[in-house]
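Presented below is the structure to which this report refers.
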Amino acid sequence: MITSVSEKFNHKFNFKHGLVGAIAIDKTGNPLPTKTLDLCKSADAVLFGAIGDPKYDNNPSAKVRPEQGLLAMRKELGLYANVRPVTTFPSLIDKSPLKKEIVQGVDIMMIRELTGGIYFGKPQGRSEDGDTAYDSCVYSRYEIERVVKLACEYAMTRSKKITVVDKANVLATSRLWRETAISIAKEYKELSMDFMFVDNAAMQLIQNPRRFDVIVTENMFGDILTDEASVLTGSLGMLPSASIGLSTSLFEPIHGSYPQAAGKNIANPLGTILSVAMMFDLAFNLKNEAAIVKTAVSKSLEADYVTEDLNRAHPKSTSDVGDWIADYIIKN
Ligand code: IPM
Ligand code: MG
């Protein structure tokens, strides 16, 4: 697909591949080898495959885990904001577990803080006797400011409505989020900002998802709410994301790995393909290239040329879908 974009628009993309996650642990013992990190740092953009391996999921005492590779990469590259657009495709509306009247027209920009909070807070660990475990949720004003600002900028290009999701009735970090967001909002006079507790947000995403436009939230709430939001569109396999970095940005589908599909050529490639569209747009400012990739994806859905998660009866393979999209790009 990238090859057909470079052919059509006369670009040359230089690819370099690096190991991360389970395969990197198997080969080097380190989920994020220095060689991979250096490659990422010197790249203009990073395209990330999905991470996770059941052999580690089922072993709580594993010392190194594939996910540490992704978390280290987020931290090392300063990927402070994860941007996950949740849009519905008209041709998929019947695949949504929710009623058509509820999901039709949903268009939410979910922005998740990605390098702070309980994912990275110290201390984290176990007591000496092993019977107590602890994680810490830590946020500084600066970490909140930069992601809320980015979210406000997105909101300004959309309906100028932003919802800050927190748990300020319980958590001190959430109260700092609220205080900080309120002071940032003063810089955006035209913007209307509202606040919602995360439990309520989880409910409203199902009951009335159209009430949302831009949502900004902390790391773990964002992790959970974006998975929830992704099924509004009919398949977790569909959603792309961009992780905005201090210099290099990273693009990845929001789903994890799909080990049951390994070697079977059945996984839905659209989340990854749409992540490439986001990469063209945000990392390279290639708007037409991004647009044609998105159109090609919509057309493949309209043609019902899709993998088995979207069409059990007559599925196409991963590579068939990829080839169809590549071909559409060349011909249109
Ligand atoms: C995601 C994933 C990751 C996360 C995992 C794989 C560590 O669920 O990108 O949403 O929790 O951030
Ligand atoms: Mg997640």
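- For the pair Arg210 (side chain) and Gln104 (backbone), a donor-acceptor distance under 3.5 Å is present.
- Taking the ring centre of Tyr305 as origin, the terminal cationic atom of Lys316 falls inside the region bounded by 6.0 Å and 45° from the ring axis.
- At least one donor-acceptor pair under 3.5 Å links the side chain of Ser241 to the backbone N or O of Glu252.
- Atom CD1 of Ile23 has 12 or fewer neighbouring heavy atoms from other residues, nucleotides or ligands inside a 6.0 Å radius.
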Side chain to side chain contact (heavy atoms under 4.5 Å, CB included) evaluation trace for Asn219 with Leu114: CA-CA 5 Å; Asn219 203 345; Leu114 204 57; 4.1 Å; yes
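- Within the 3.5 Å criterion, the main-chain N or O of Gly245 finds a donor-acceptor partner in the side chain of Ser249.
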Determine, stepwise, if the pair Lys55 / Asp26 fulfils salt bridge (charged side-chain N to carboxylate O under 4.0 Å, His left out). CA-CA 12 Å; Lys55 107 177 158 208; Asp26 292 347; 3.3 Å; yes
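- Pro240 pairs with exactly one of Leu270, Leu274, Ile254 by the side-chain contact (heavy atoms from CB on, under 4.5 Å) rule, that one being Leu274.
- Taking all atoms of both residues into account, the shortest heavy-atom contact from Ile273 to Val297 is CG2-CG2, 3.8 Å.
- One N or O on the side chain of Gln68 and one on the backbone of Arg65 form a donor-acceptor pair closer than 3.5 Å.
- A donor-acceptor distance shorter than 3.5 angstrom exists from the side chain of Glu113 to the backbone of Thr115, with no hydrogens or angles considered.
- Relative orientation of the Phe13 and Phe15 rings is tilted, given thresholds of 30° and 60° on the angle between their planes.
- For Thr180 (side chain) and Glu145 (main-chain N/O), no donor-acceptor pair under 3.5 Å exists by modelled atom type.
- By the 4.5 Å heavy-atom criterion applied to side chains, Glu218 and Thr173 are not counted as neighbours.
- Counting only distance, with no hydrogens or angles, the side chain of Ser96 and the backbone of Ile93 share no donor-acceptor pair below 3.5 Å.
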Please assess Phe195 against Val165 for the test side chain to side chain contact (heavy atoms under 4.5 Å, CB included), listing each intermediate value before the final yes or no. CA-CA 6 Å; Phe195 296 87; Val165 171; over 6 Å; no
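- Sorted by first then second residue, the salt bridge (charged side-chain N to carboxylate O under 4.0 Å, His left out) pairs that include residues 160-177, not counting sequence neighbours, are Lys160-Glu190, Asp166-Arg178, Lys167-Asp199.
- Residue pairs that meet the ring-ring contact (aromatic ring centres under 6.0 Å, His included) test with at least one member in residues 127-172, sequence neighbours left out, are Tyr139-Trp177.
- Looking at Arg141 and Glu179, a side-chain N of the basic residue comes within less than 4.0 Å of a carboxylate O on the acidic one, giving a salt bridge.
- A donor-acceptor contact shorter than 3.5 Å is absent between the side chain of Lys294 and the backbone of Ala290.
- Contact detail for Gly29 and Pro31: the closest heavy-atom pair is O-CD, 4.1 Å.
- Side chains of Thr307 and Asp309: a donor on one and an acceptor on the other come within 3.5 Å.
- At a threshold of 4.0 Å, the pair Arg158-Asp107 counts as salt-bridged, since one of the basic side-chain nitrogens sits closer than that to a carboxylate oxygen.
- Ile330 and Phe280 end up in different hydrophobic clusters when Ile, Leu, Val, Met, Phe, Trp and Tyr side chains are linked at under 4.5 Å.
- Side-chain contact annotation: Asn82 with Arg84, donor-acceptor N/O pair under 3.5 Å present.
- One N or O on the side chain of Thr318 and one on the backbone of Asn265 form a donor-acceptor pair closer than 3.5 Å.
- No more than 12 heavy atoms of other residues, nucleotides or ligands shown are found within 6.0 angstrom of NZ on Lys100.
- When every heavy atom of Phe48 is checked against every heavy atom of Leu250, the shortest pair comes out as CB-CD2, 3.8 Å.
- Between the side chains of Asn14 and Lys16, not a single donor N or O lies within less than 3.5 Å of an accepting N or O.
- Proximity of Ile244 to Val83: side-chain heavy atoms (C-beta onward) are separated by under 4.5 Å at one or more points.
- Judged by distance alone, with hydrogens and angles left aside, the side-chain atoms of Glu302 form no donor-acceptor pair with the main-chain N or O of Asp304 at under 3.5 Å.
- The two residues Val106 and Leu232 come nearest to each other via the heavy atoms CG1-CD1, 4.3 Å.
- The heavy-atom pair separating Arg126 from Gly130 by the smallest distance is NH1-O, 3.0 Å.
- Taken to the nearest 0.5 Å, the OG1 atom of Thr248 stands 7.5 Å off from the CG atom of Asp44.
- Counting non-hydrogen atoms of other residues, nucleotides and ligands closer than 6.0 Å to CD of Glu187 gives a total above 12.
- In this structure, Val147 and Ala81 approach most closely via the heavy-atom pair CG2-CB, 3.8 Å.
- A salt bridge links Arg211 to Asp194: at least one charged side-chain nitrogen sits closer than 4.0 Å to a carboxylate oxygen.
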Evaluation steps, side chain to side chain contact (heavy atoms under 4.5 Å, CB included), between Asn268 and Val306: CA-CA 8 Å; Asn268 187 341; Val306 292; over 6 Å; no
